[in-house]
J.: 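Structure in structure tokens, see below.
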Amino acid sequence: MTHKGYEAVIGLEVHVQLSTRSKAYAGEGYGYGEAPNTQVSPVSLGLPGALPRANWGVVQAATRLGLALGCTIREYNEYARKNYFYPDLTKGYQITQHETPICNGGHVAIETSAGPKLIGLTRIHMEEDTGKSIHDLDPFHTLLDYNRAGVPLLEIVSEPDLRNGEEAYAYLNEIRQLVRYLDISDGNMEEGSLRCDVNISVRPVGREAFGTKVEVKNLNSFRHVQKAIDFEFQRQVAAVEAGEVIYQETRTFDAGKGSTSVLRIKEDANDYRYFTEPDLAPVRLTPSWIEGQRQSLPELPRARKLRYQSELGLSEYDAQLLTDDKATAAFFDAVCAAGAPAKTAANWITGPVAGWLNERASSIDRLPVSAASLAELIGLIEARTVSHSAAQQIFGRMADQPGAQPKALAEALGLIQQSDENALMAVVDSVLADWPDKVAEYQSGKKGLIGLFMGEVMKRSRGSADPKVATDLLRRRLD
Ligand code: ADP
Ligand code: MG
């Protein structure tokens, strides 16, 4: 992405909301969309004298994400207070990490239209969410919901390695896929489980030094992230060209207008008066515990995709589709484990199954057909008991009647393919006996008439004849 000889330099700060059972420093849980102010406690409300306790699940999630991204895991972790006032933060400070983030370094590997690229990571640290200010429900007042206060977050800070919206999109997609594979977050951007702030500056192509960056907040979809980047890039280039100074400021994205506007001039770290959190003991991780976490990581999307290609012989395209989300990959594995050949299972899942789900805007975990039943249906095709097109009809019925056996449905629908030679030969003979002229024409060279005979065989067998067997039998009689 260049424009008038300029390029964008972009770094992302991504907040991942963890789906731990309890909050970061308090015992209550959190569910999106619950009645306001019902998931709170003295700790998350910051009542005087309430004391936080660190949730071990957060440390574990941070470690596992860091290991999956090739970060160095810090053994000695302190918590820090970041002090500021805002109505959604009754404590007056956020418990975060400042100088000792749990993960350093590492990278996110992305695919772009220009090829693969590694995006460096600066750090990942543990912190907590704030409550929510609701400005658009009451015409006169701001409403406050503290359910979200104290929900654990991991903040993932990238190096300024991204250059355009496409790369930012790919980066976010990788992170979302990874947190879902690791089962540490649902990664749902609409519900705020994944949030992203964009830092962006511009510089003439070829210059090393970075320009002054602007931070854009309030981005709640991948598309908004791309739009905000496109808008800011154009705006900053125009400003620089006009000889204006770019200020280090925080801007907000207006989804309706597709533009950004100034929110505030950026605070310095100094303004937050960070200091070590006195109410929480530091967490010390041992190398053997960290190693244990590394050993117990699940198979990650990239490795799974490569395995599907090298071990199962799938195309890169199929392997990509199947590993996009963990549930689909797990379903595919289960269909194969139940005996279906990999390539056929892949075709079914990326074809009829995906089509069925798309039509209903549903997802694979809600598919009413079990992996075992699909494997059984595939087995019927492999055994030539039903034709491929009959199998598609049977699949539709299986989805309507969960638990129904594919074989029983095939019988009930009269879709069992007739491949018994004796039975089919009787049909073939009756057809040929009724068309003596055509048989003579065929034998004097009009070989195309085989289509006519086949059509008649299919009609008389009410569509159940195995086409391959029927053709063979016709040829045997005629040639
Ligand atoms: P701050 O102290 O303002 O939060 P950081 O150094 O922590 O700034 O960086 C925050 C984010 O901004 C990181 O993702 C980083 O990669 C990115 N960033 C830093 N400098 C620039 C720049 N000049 N242009 C674009 N992004 C930048
Ligand atoms: Mg920062």
Side-chain angles (χ1 to χ4, degrees), residues 313 331-332 334-356 359 367-479:
F331 187 74
F332 168 71
V335 175
C336 293
K343 182 66 192 153
T344 318
N347 288 342
W348 268 85
I349 293 170
T350 59
V353 173
W356 191 92
E359 272 169 31
L367 182 73
V369 175
S370 71
S373 298
L374 181 57
E376 215 177 306
L377 178 61
I378 291 172
L380 293 181
I381 310 171
E382 300 276 310
R384 313 182 60 86
T385 308
V386 299
S387 69
H388 188 78
S389 63
Q392 302 225 17
Q393 274 186 61
I394 298 168
F395 175 76
R397 288 300 183 94
M398 286 162 71
D400 290 338
Q401 302 173 38
Q405 295 298 309
K407 182 84 185 283
L409 283 173
E411 279 161 2
L413 295 168
L415 292 172
I416 298 284
Q417 195 159 258
Q418 188 58 262
S419 51
D420 174 66
E421 294 204 354
N422 292 331
L424 274 183
M425 195 54 114
V427 181
V428 165
D429 285 339
S430 79
V431 169
L432 298 183
D434 289 353
W435 299 83
D437 314 354
K438 297 290 174 196
V439 172
E441 278 180 50
Y442 177 94
Q443 277 159 347
S444 63
K446 262 184 103 180
K447 300 288 179 199
L449 283 170
I450 188 98
L452 174 88
F453 299 132
M454 263 303 283
E456 208 41 41
V457 170
M458 286 316 248
K459 205 167 17 174
R460 293 187 189 185
S461 70
R462 277 185 275 105
S464 70
D466 179 328
K468 187 168 174 306
V469 177
T471 320
D472 286 351
L473 294 178
L474 277 168
R475 289 235 164 85
R476 207 183 298 164
R477 278 287 190 258
L478 290 164
D479 294 341

J.: Does a sphere of radius 6.0 Å around CH2 in Trp435 hold more than 12 heavy atoms from other residues, nucleotides or ligands, not counting ones at 6.0 Å or beyond?
T.: no
J.: Taking the side chain as every heavy atom from C-beta outward, state whether Pro467 and Val457 have any pair of such atoms under 4.5 Å apart.
T.: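 No, their side chains stay 4.5 Å or more apart.
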J.: How close do Ala391 and Leu377 get, heavy atom to heavy atom, and via which atoms?
T.: O-CD2, 3.7 Å
J.: At their closest point, which heavy atom of His388 faces which heavy atom of Trp348, and how far apart are they?
T.: CE1-NE1, 3.8 Å
J.: Determine the minimum heavy-atom distance between Met398 and Leu409, stating which atoms define it.
T.: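 It is CG-CD1, 3.5 Å.
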J.: Which value, rounded to the nearest 0.5 Å, describes the distance between Lys468 atom NZ and Arg384 atom CZ?
T.: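 CZ of Arg384 is found 6.0 Å from NZ of Lys468.
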J.: Where the side chain of Gln417 meets the backbone of Ser387, is there a donor-acceptor pair that is under 3.5 Å apart?
T.: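 Indeed, once roles are kept as given, a pair shorter than 3.5 Å links the two residues.
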J.: Do Val353 and Val369 make a side-chain contact, defined as non-hydrogen atoms from C-beta onward lying under 4.5 Å apart?
T.: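 A side-chain contact under 4.5 Å is absent here.
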J.: Give me the atom names and distance for the closest heavy-atom approach of Ala399 to Pro368.
T.: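 Taking every non-hydrogen atom into account, O-CG, 3.3 Å.
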J.: Are Lys407 and Ile416 side-chain neighbours, meaning at least one heavy-atom pair lies under 4.5 Å?
T.: yes
J.: Once rounded to the nearest 0.5 Å, what's the spacing between atom CD1 of Ile450 and atom CG of Leu474?
T.: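 Answer for the CD1-CG pair, Ile450 versus Leu474, is 5.0 Å.
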J.: At their closest point, which heavy atom of Ala345 faces which heavy atom of Cys336, and how far apart are they?
T.: CB-SG, 4.1 Å
J.: I would like to know whether Glu456 and Lys438 meet salt bridge (Lys or Arg N to Asp or Glu O under 4.0 Å); could you show each step before the answer?
T.: CA-CA 12 Å; Glu456 208 41 41; Lys438 297 290 174 196; over 6 Å; no
J.: Do the non-hydrogen side-chain atoms of Leu452 and Lys446 ever get within less than 4.5 Å of each other?
T.: no
J.: Is the closest side-chain heavy-atom distance between Glu376 and Leu380 below 4.5 Å?
T.: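 SC-SC contact between Glu376 and Leu380 ruled out.
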J.: Would you compute the distance between atom CD of Glu421 and atom CG of Leu473 and round it to the nearest 0.5 angstrom?
T.: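 Going from the CD atom of Glu421 to the CG atom of Leu473 covers 5.0 Å.
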J.: Has Arg397 got more than 12 heavy atoms of other residues, nucleotides or ligands less than 6.0 Å from its CZ?
T.: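 Result for CZ/Arg397: open.
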J.: Could you go through Arg477 and Val431, starting from their C-alpha distance and side-chain angles, then the distance that decides it, and tell me whether this counts as side chain to side chain contact (heavy atoms under 4.5 Å, CB included)?
T.: CA-CA 11 Å; Arg477 278 287 190 258; Val431 169; over 6 Å; no
J.: Answer whether the closest heavy-atom distance between the side chains of Phe453 and Val439 falls below 4.5 Å.
T.: yes
J.: Roughly how far, to the nearest 0.5 Å, is OG of Ser389 from CD1 of Ile381?
T.: 9.5 Å
J.: Quick one: does Asp479's side chain get under 4.5 Å of Lys447's, heavy atoms only?
T.: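 Counting from C-beta outward, Asp479 and Lys447 do come under 4.5 Å.
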J.: To check you understand the geometry: which heavy-atom pair defines the closest contact between Ile394 and Leu415, and what is its length?
T.: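 Between these two residues, the closest heavy atoms are CG1-CD1, 3.8 Å.
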J.: Quick check: do Leu374 and Phe331 have side-chain heavy atoms less than 4.5 Å from each other?
T.: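 Yes, at least one pair of side-chain atoms sits under 4.5 Å.
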